[in-house]
Amino acid sequence: MNNTSPIKVISILGSTGSIGRQTLDVIAQKPKNYKINWLTTNSNIDLLESQTKKFLPNGVVIASEKNYKEFKKKTNFSGEILCGKDGLTHLASQNNDLLVSSLVGFAGVEPTLHAIKLGQTVALANKEALVSAGGLITSEAKKSGAKIIAIDSEHNAILQCLLGEDFASVSKLILTASGGPFRNTPISEFRNITKEQALKHPNWEMGSKITIDSATMMNKGLELIEAYWLFGLGANKLDVVVHPESIIHSMVEFCDTSTKAQMGLPDMRVPISYALSYPKRFSFNFPKMDLAKIGKLTFEAPDYEKFKCLNIAFDVLKTNPDYGVVLNAANEIAVESFIKEKIRFDQIPDLIEMALNKIEIKNLLDIEEIVELDACTRRYSLETANTL
Ligand code: MG
C-alpha cells in the first residue's frame, strides 16, 4: 500500500507498553484511517489478546518464548503468531506504511534498524535505539530513504518548529525538561531517595524505566543524544532548560534570535497523533490547553551538579557520540539495579561513569559491534553494581 492511500497500514513494536497502548487509543479515534498490521508484546499476553479482538491485526509477535507458548495454548486469535527476535524482524520487514517503534531499551535497536534498512517510515519512541546506534541508523536511513518521525514529545516539538525553515538558519535546539520529582530536593538527600519516590512523576504518565530516567534527568541526557542524531546539529547547538509545567515541549532558536516553541498539555497522545498523521494533521478529541487557567510558565537552568547524568550525556556528545551505546547499557543496568535496591539513587551516575571510563570503543560501528559493546557494558555494570 502506498502513502497516498487514505488508510495507513501500521505495525506497533511494543503494543502493550505505555506508548503502544496510547498509540492504539489514538487509532481507535480514527478507525477508518488506519489498519493494524502487526502487534507485539514481551509478556503482557492478556492485554495482547484483548488488543487482537479490538484491532484485528494480521499477526502478533511475543518476544518471550515462555509467554509465546502460553499465548498459543489459550488464544482464539486466528492470525499469525510468532516468537522472539526472528518474529520482530519478520514484523519489521512487512509492508507497513508506518512502523511504530515503542519497545523500551536496547531491545528495540535491531528490529528498528531492520525496518530502516528496508526504507520504511518509522515513528520512533524507542530513544535508546538512536542513543545506542544513532550513527548506524541515520546512515542507513540516508541510504534507504527511510523517514524517522520522533514520537518523543521534545523531538516531535522540534520537528514541528522546523517545518518550512532552512536548517542552516537554526542556531540552537532547546529541549525543555520538567526537572522531575527531585528538582527541589537538596543534593544531600539524594542518597536516601527510594524507588517509590523516584517512580512518581509530577506531569507525565510513563513506564517505569523512563520515569526513573526522568528522576535522574538521564532521560534528558538520552534525548540530547537522540536530538544530536535526529537533527544532525553539533553538541554546541543543543541546550536544555528546565520548565516544570511541561507546556512548552521544546524550542528552536534561529540565527535572527527569533525562537519558535511548540506547546500543548503534557499528553503523549498528541505527539503520537502527529506522528501517525504526519505530514498532515487529523482532528482528535484530546483535552485542550487553557493558558489563562495555567496562569504562568516558568523556566530555570538545570542543576548540573545535582543531575550528573545530564553532564555525562553532554560529555559523551562532546567526546564521541558513539559512546552512547555504553552510556545507554550502563544506564539500563543502573536503573534496574536501583529498582532491585542493589544500588542507591545517587550511585546511578557513578555506575554509568565507571562503565564509560572502563569500556573502550574503536572505530564504530556495525550492528555486531554495537551488540557486543552493549553486552560487554552490561556484564561490567552488573558486576560493578554488586560491589558498590
Ligand atoms: Mg521526552
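Residue indices begin at 1 and follow the sequence shown. Model, not experiment: these values are computed from the prediction. Every number for a ligand or one of its atoms is a count from 1 in the order of the listing.
Remark: the backbone N or O of Q22 is not paired with any side-chain donor or acceptor of R269 at under 3.5 angstrom. Looking only at distances, a side-chain donor or acceptor of N357 sits under 3.5 Å from a matching main-chain atom of E353.
Checked by atom type, the side-chain pair N331/D213 shows a donor-acceptor distance below 3.5 Å.
Relative to the six-membered ring of F286, K288 misses at least one condition, a distance below 6.0 Å or an angle of at most 45° to the axis.
In the hydrophobic clustering of ILVMFWY residues, with side-chain heavy atoms under 4.5 Å counting as a link, L238 and Y323 come out together. No path of Ile, Leu, Val, Met, Phe, Trp and Tyr side chains, each step under 4.5 Å between heavy atoms, connects L118 with I116, placing them in separate hydrophobic clusters.
Each protein N, O or S atom less than 2.8 Å from the Mg ion (ligand 1) was counted, giving 3.
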